[in-house]
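Only one structure is covered here, and it is reproduced in the block below.
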Amino acid sequence: MASDSLTPRQQALREITRQPLRTPGAYRDTADMRPTPHYFGMNTFGARQMREKLPKATYAKLVEAVRLGKKLDTEIAPVVAQVIKEWAVSRGVSHFTHWFQPQTGLTAEKHDAFLTFDENKLPIEQFSGEQLIQSEPDASSFPSGGLRATWEARGYTAWNPASPVFILESGGTKTLFIPSVFIGYNGEALDEMTPLLRSSDVLSARATALLETIGDKGALRVFTTLGAEQEYFLIDRTHFAMRPDLVMANRTLVGAPPPRGQQLEDHYFGGIPERVQACIAEVEWELMRLGVPIVTRHNEVAPSQFEMAPIFEETDIAVDHNQLVMAVLRRVALRHGLQAIVHEKPFAGVNGSGKHCNWSMSIISDNALDGVNLLKPGKTPHQNVRFLLFLAAVLKGVHEHAGLLRAGIATSGNEHRLGANEAPPAIISVFMGQMLTRVIEDIAAGKTGGQGAADAMLALGVAKLPEVAQDNTDRNRTSPFAFTGAKFEFRAVGGSQSIAFPVMLLNACVAGALEEITAELKAELKKTRKVDDAALVVVRRAFKATTAVRFEGNNYSDAWVKEAAKRGLLNLRRTPEALAQLSTPRAKKLLTGLGILSKEELESRYHVRLERYIKDMLIECHTLDQMAGTQILPAGLGYLASLTRTASETKALGLKENPALAEVRKVSTLVSGLQEAQAALQVAIAKAEGLHDAPEAQAKFLTAEGAAAMGAVRACSDALELVMGDTAWPLPRYREMLFPV
Ligand code: ADP
Ligand code: MG
């Protein structure tokens with residue numbers, strides 16, 4: 001068939017099957033397949049490079065600032081700036097940018113050239129200490145949730161020296177990226193990173209106080225560790241471009257289920273297709289050079305779905321790195337003719353994408369500069385009591401602030417995941433695994449009463465937990481928050497989210513609980529001088545008080561929904577009700593009390609997120625309306641016209657049978673149904689838009705009536721897709737997008 005007689009869909013399929021493979025030879029010298037450590041971090045300027053290039057005293061100050069989370073000394077900034085500039089310029093960099101995370105879920109950047117004029121008006125390259133430390137983007141067009149009126153739109157970005165600067169290569173040019181925070185002139189947090197950094201500091205202070213109370217001196221700092229597993233889809237770029245819903249909303253709003261989805265269970269951990277492998281390898285190569293330690297790759301459950309996971313890092317850096325993972329993935333995939341989709345639910349009927357946030361706490365002390373994991377039992381009874389104390393703090397934090405954690409993952413995309421039978425439910429509970437559950441229940445039941453803490457630790461076998469835990473704790477894939485041996489895995493986080501917000505909330509919940517636990521312990525220490533015994537009393541109380549939040553069974557089951565209700569756990573299915581948790585007195589008390597967010601900052605986060613939900617929903621509604629009106633209906637009417645012609649020609653021939661007639665009836669019913677559903681969707685859109693001044697009512701309307709109106713259009717469209725002639729159907733089908741040939 002000549003290609004001009006092909007439909008656009010057929011043409012796309014033809015192009016896809018002829019797509020040449022892009023191999024490493026295209027971007028790296030294949031003779032130079034040197035081992036990873038050779039190029040890991042080569043595009044970053046981190047501690048290692050700083051040590052070589054900076055004067056000793058400057059380096060010492062910088063390292064101290066980074067390690068202890070202190071502010072950078074403005075005196076050393078010019079020296080650091082000079083060294084960074086020389087490094088960057090020697091690598092062919094012409095511009096620099098502060099790189100920050102406004103509350104858009106994405107990152108922001110504005111590039112400036114290393115250029116100024118000397119006294120003779122000759123152009124010279126320049127990068128000053130001030131430019132490194134601070135920059136002033138026009139802040140008026142970023143979401144602020146009412147925190148900052150546009151007429152006082154001044155805000156500035158400030159370098160976060162804990163996160164290394166890096167060179168981003170794009171479009172054949174190189175730019176120096178300076179990870180930064182973004183704050184208003186009165187210091188109010190306008191971004192995702194500032195509250196996260198504050199939560200890290202607060203958690204560090206509360207954890208250190210607890211450590212001191214139990215007699216563990218010498219902790220310089222406690223930091224949280226984070227390893228974010230990223231799930232994503234890779235589909236053909238041409239198909240993506242032909243789907244207005246994917247382009248506009250990152251998810252398909254129509255699409256009939258293909259005969260084969262994921263039921264054969266053959267994709268998970270299956271062989272990685274060659275084109276995908278080539279793409280992932282290039283993504284990893286770019287990320288490794290940016291210092292992002294991506295070490296795991298595999299096929300996920302849904303067709304065309306994959307996952308990558310890094311080695312865990314300090315949380316603040318891991319959050320920046322996850323943004324790089326998403327950005328590099330999108331960018332590099334295009335070079336392979338692929339489109340990466342990190343949306344939580346791009347395709348109905350198959351699994352969506354989450355981002356498991358593996359999280360723990362670590363102490364830095366003079367003799368353990370890399371950190372000692374606090375969620376890992378140790379060798380001595382005292383270390384094991386300490387482990388239980390921190391465990392109790394996590395349980396307490398999650399139990400008391402489950403609503404807040406739920407709010408942290410409330411987005412329009414995640415709404416399609418949570419509570420469906422594939423992803424953790426909207427009920428936040430904690431899975432501990434068999435071994436730990438036994439220990440927790442024995443302690444809660446007072447089985448350790450009478451004996452000292454040391455004997456209790458031995459009797460309970462806490463020290464033996466790590467080895468056994470590794471094998472025993474990862475079995476429950478249905479839990480939103482699971483202990484998986486030496487770390488917790490927050491599994492309900494969405495694939496496209498900036499993880500700064502949910503992780504900040506998790507840090508806050510645990511910091512709050514650490515504070516309470518320390519206070520209780522201090523009270524207990526007035527009764528006994530044996531620290532470990534007193535600690536065990538506090539642990540016992542916390543384990544008893546948090547029984548309701550522990551759940552080891554199947555989180556997908558209906559029985560759990562009932563049981564959770566009986567236990568008084570929240571089940572917040574829809575985004576607006578989940579976001580409302582940001583406005584509860586409990587949330588306010590926690591976040592303002594710890595100094596992580598002011599009252600205004602917290603309110604603004606609620607508004608930004610609610611507005612975002614409304615906007616996402618309206619974009620989906622409009623996209624679907626337009627697709628129905630300009631693609632699906634016209635295609636349906638065109639197909640109907642051809643059927644009608646056939647029917648009347650058949651009739652004219654005077655034949656006994658007129659098979660086209662039955663088809664005409666079938667298709668015309670579906671087309672009329674689609675027309676009606678589209679009209680109803682338009683009414684819903686108008687109603688929703690009429691609620692513009694009442695965002696809460698608007699969000700509620702959209703989550704109920706808006707979603708239902710979209711669902712009705714989809715049902716008609718999907719039915720039509722399954723009866724219309726293949727060449728008449730205008731959109732790439734699920735079969736074609738998810739099962740590349
Ligand atoms: P699992 O099989 O339970 O998912 P993995 O060992 O594969 O466990 O780890 C998954 C992710 O958890 C990785 O990104 C890993 O770096 C991260 N991780 C492991 N230990 C920790 C820790 N102490 N703190 C934070 N993340 C961790
Ligand atoms: Mg995991």
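Whatever order the structure lists ligands and atoms in, that order sets their numbers, starting from 1. For the single chain, residues carry numbers from 1 onward in sequence order. Being a predicted model, the structure only gives us computed values, none of them experimental.
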task: In plain terms, say whether E286 and R331 are close enough for a salt bridge, that is, a side-chain N and a carboxylate O under 4.0 Å apart.
output: no
- prompt: Would you call the rings of W99 and F166 parallel, tilted or perpendicular if under 30° counts as parallel and over 60° as perpendicular?
  reply: perpendicular
query: Are E314 and R221 within salt-bridge range, i.e. N to O under 4.0 Å?
result: yes
- line: Here the atoms of ligand 1 under 4.0 Å from any heavy atom belonging to T225 are 22 (C), 23 (N), 24 (N), 25 (C)
query: Between the side chains of T194 and D191, is a donor N or O closer than 3.5 angstrom to an acceptor N or O?
result: yes
statement: With heavy atoms and a 4.0 Å threshold, my read on which part of S362 contacts ligand 1 is neither
Selection from L226, T224, N358 by shortest heavy-atom distance to atom 12 (O) of ligand 1: N358
message: By the definition ring pair (Phe, Tyr, Trp, His ring centres under 6.0 Å), identify the one residue from F431, W560, Y556 that meets it with F551.
response: W560
message: Using a 4.0 Å cutoff against the non-hydrogen atoms of E229, which atoms of ligand 1 qualify?
response: 4 (O), 10 (C), 11 (C)
message: Taking the cut-offs as 6.0 angstrom to the six-membered ring centre and 45 degrees off its axis, would you call R609 and F501 a cation-pi pair?
response: yes
Atoms of ligand 1, numbered as shown, that sit under 4.0 Å from any heavy atom of P310: 13 (C), 14 (O), 15 (C), 16 (O)
Shortest heavy-atom approach to atom 23 (N) of ligand 1 - which of T315, N373, I294, V295: N373
- prompt: Can an N or O of K487 be found at a distance shorter than 3.5 Å from an N or O of ligand 1?
  reply: yes
query: Relative to the heavy atoms of I311, which atoms of ligand 1 are at a distance of less than 4.0 Å?
result: 16 (O)
query: What atoms of ligand 1 come closer than 4.0 angstrom to any heavy atom of A486?
result: 23 (N)
field: Side-chain heavy atoms of V165 within contact of P179, under 4.5 Å
entry: yes
